Amino acid sequence: MKLAIDAMGGDHAPKAIVDGVKQFVDRFPNEQMELFLVGDAVKLASYGLTDSRVTIVPASEVITGEDEPVRAVRRKKDSSLVVAAQLVKDGKADALVSAGNTGALMAVSLFVIGRIPGIERPALSPTFPTYTGSGVVILDVGANHDAKPEHLVDYAIMGSLYAEHVRGVSRPRVALLNIGTEAGKGNALTKEAFPLLEQAPVHFVGNVEAREAMSGDVDVIVTEGFAGNILLKGVEGSSSMLMKMMKEQFTSDVVSKLAALVLKPKLKKLKQTLDYREQGGAGLFGINAPVIKAHGSSDALAIMSALKQAKIMVEHDVVAKIKQATAKTAD
């Protein structure tokens with residue numbers, strides 16, 4: 001297994017990326033793998049990476065959050081992101097991981113690595129924590145702000161395969177994000193998509209409202225990127241606010257501090273459940289190789305989790321399974 005890593009992408013790059021790589025190789029000390037850490041060779045070498053499985057690949061440019069994605073990918077040919085994607089394109093790496101510019105990652109995935117035949121629109125797909133602890137795969141959360149009904153069918157197939165083969169869910173339950181659970185609810189997109197999803201080769205269970213997204217009653221939720229991104233940001237904001245409010249309450253007086261001390265193991269588990277860093281990154285499904293988008297503010301733990309996600313996708317050959325499923329659907 002070989003992973004290409006954009007070492008210069010993200011708010012805390014390259015240190016957080018390097019630290020995440022260190023945690024990853026330490027977690028799997030006996031596994032045969034090769035990690036290509038792409039970026040400023042001098043800076044990367046200064047962090048003292050000693051594992052023989054990590055190779056530094058030099059790249060002289062960086063695509064920042066201020067860059068226009070498509071223009072940057074076309075002009076900055078020696079950027080860490082483009083060079084890392086080229087390694088995947090050339091077959092020297094099996095997957096790409098980046099915490100950098102989302103639009104640029106989308107562009108480089110389409111223009112350099114390429115799209116799976118039959119998939120018109122790739123989807124960005126994180127896994128949200130759920131009340132039951134099983135997690136729910138949601139796609140799309142921002143790769144495309146608009147979608148056609150048939151795109152949502154593609155999302156359902158890809159999400160179902162990912163939930164089954166990566167998350168280990170038997171017969172994943174697929175739902176359509178909507179404003180009500182009744183079949184006739186929603187806008188033109190959801191009304192047209194509903195009957196198509198009923199005929200799709202997935203276990204479609206109908207509509208789900210946003211308030212039930214994290215209940216654990218479904219395993220995959222499909223939506224277009226505009227609504228998906230709003231849901232994503234809403235969940236992240238709510239989780240962050242909840243943790244801040246709890247911390248404030250449990251440190252407000254002596255009695256509360258004593259209660260917090262007693263509940264510390266439970267609170268720690270809750271924090272881990274709500275922490276995006278534990279969930280890995282968002283997979284960009286529909287591309288010819290596994291592409292993982294880590295959160296822009298990722299620290300070492302989040303990078304390590306994203307690398308684990310890429311590792312699992314490579315080991316389970318998820319892209320090949322998506323290709324087989326979409327080819328059968330086309331037939």
Side-chain angles (χ1 to χ4, degrees), residues 1-28 33-113 276-277 280-282 284 287 289-311 314:
M1 183 189 64
K2 300 178 181 180
L3 304 180
I5 305 151
D6 170 18
M8 310 308 290
D11 299 341
H12 307 297
K15 187 178 186 307
I17 314 301
V18 175
D19 289 345
V21 168
K22 287 180 179 178
Q23 289 187 18
F24 180 72
V25 294
D26 288 345
R27 179 69 65 90
F28 304 100
M33 63 176 73
E34 188 168 4
L35 279 67
F36 297 104
L37 199 55
V38 186
D40 186 321
V42 175
K43 282 186 179 180
L44 296 177
S46 69
Y47 289 103
L49 281 163
T50 57
D51 196 294
S52 61
R53 295 171 294 174
V54 180
T55 300
I56 294 175
V57 178
S60 62
E61 298 176 295
V62 177
I63 295 178
T64 69
E66 288 71 41
D67 284 325
E68 195 283 319
V70 175
R71 184 180 296 112
V73 167
R74 288 175 173 168
R75 293 184 178 180
K76 293 186 175 181
K77 298 294 186 182
D78 200 44
S79 64
S80 56
L81 179 58
V82 175
V83 172
Q86 193 63 48
L87 290 173
V88 178
K89 172 68 174 179
D90 294 341
K92 297 177 181 178
D94 302 311
L96 170 64
V97 177
S98 175
N101 185 314
T102 302
L105 180 63
M106 176 75 171
V108 80
S109 298
L110 288 171
F111 299 152
V112 178
I113 301 175
Y276 75 86
R277 300 176 305 165
L284 185 58
I287 302 300
V291 175
I292 305 298
K293 171 64 176 77
H295 203 289
S297 60
S298 289
D299 61 6
L301 175 60
I303 295 300
M304 191 271 289
S305 298
L307 291 169
K308 281 174 57 181
Q309 186 179 1
K311 175 180 182 293
V314 171

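Just so we're clear, the structure is a prediction, and the values are computed from it rather than from any experiment. In what follows, every heavy atom counts, from backbone to side chain, and hydrogens, waters and symmetry copies are set aside.
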Of T102, L284, V97, which is the lone residue that meets side chain to side chain contact (heavy atoms under 4.5 Å, CB included) with K293?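 For K293, the side chain to side chain contact (heavy atoms under 4.5 Å, CB included) check succeeds only for T102.
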Is the shortest heavy-atom distance from the side chain of [X] to the side chain of [Y] under 4.5 Å?
{"X": "L301", "Y": "D19", "result": "no"}
{"X": "E61", "Y": "I63", "result": "no"}
{"X": "L49", "Y": "L44", "result": "no"}

Rounded to the nearest 0.5 Å, what separates atom [atom1] in [X] from atom [atom2] in [Y]?
{"X": "H12", "Y": "S297", "atom1": "NE2", "atom2": "OG", "answer": "5.5 Å"}
{"X": "I287", "Y": "M106", "atom1": "CD1", "atom2": "CE", "answer": "6.5 Å"}
{"X": "R53", "Y": "M1", "atom1": "CZ", "atom2": "CE", "answer": "9.0 Å"}
{"X": "L3", "Y": "L87", "atom1": "CG", "atom2": "CG", "answer": "11.5 Å"}
{"X": "I5", "Y": "F24", "atom1": "CD1", "atom2": "CZ", "answer": "7.5 Å"}
{"X": "Q23", "Y": "D26", "atom1": "CD", "atom2": "CG", "answer": "8.0 Å"}

What verdict does the side chain to side chain contact (heavy atoms under 4.5 Å, CB included) test give for V38 and D6, after you've listed the backbone C-alpha separation in whole Å, the side-chain angles of each residue and the deciding distance to 0.1 Å? CA-CA 5 Å; V38 186; D6 170 18; 5.9 Å; no
Which heavy atom of [X] sits nearest to which heavy atom of [Y], and what is that distance?
{"X": "A59", "Y": "V83", "answer": "CB-CG2, 4.1 Å"}
{"X": "A4", "Y": "A84", "answer": "CB-O, 3.5 Å"}
{"X": "M8", "Y": "S80", "answer": "CB-OG, 3.4 Å"}
{"X": "I113", "Y": "A85", "answer": "CG1-O, 3.8 Å"}
{"X": "V291", "Y": "S109", "answer": "CG1-OG, 3.7 Å"}
{"X": "G9", "Y": "A99", "answer": "O-CB, 3.6 Å"}

Tell me, with the steps shown, if D51 and V21 meet side chain to side chain contact (heavy atoms under 4.5 Å, CB included). CA-CA 10 Å; D51 196 294; V21 168; over 6 Å; no
Main-chain N/O of K2 paired to E34 side chain as donor or acceptor, under 3.5 Å: no
If only atom types and distance count, is the side chain of D299 paired as donor or acceptor with the main-chain N or O of A302 below 3.5 Å?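 Flag set: sc D299 to bb A302 pair under 3.5 Å.
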Walk me through it: do N101 and T64 pass the test side chain to side chain contact (heavy atoms under 4.5 Å, CB included)? CA-CA 6 Å; N101 185 314; T64 69; over 6 Å; no
Within 45° cone of F36 ring axis and under 6.0 Å: K92 NZ or CZ: no
Can you check side chain to side chain contact (heavy atoms under 4.5 Å, CB included) on K76 and D67, steps first, answer last? CA-CA 10 Å; K76 293 186 175 181; D67 284 325; 2.9 Å; yes
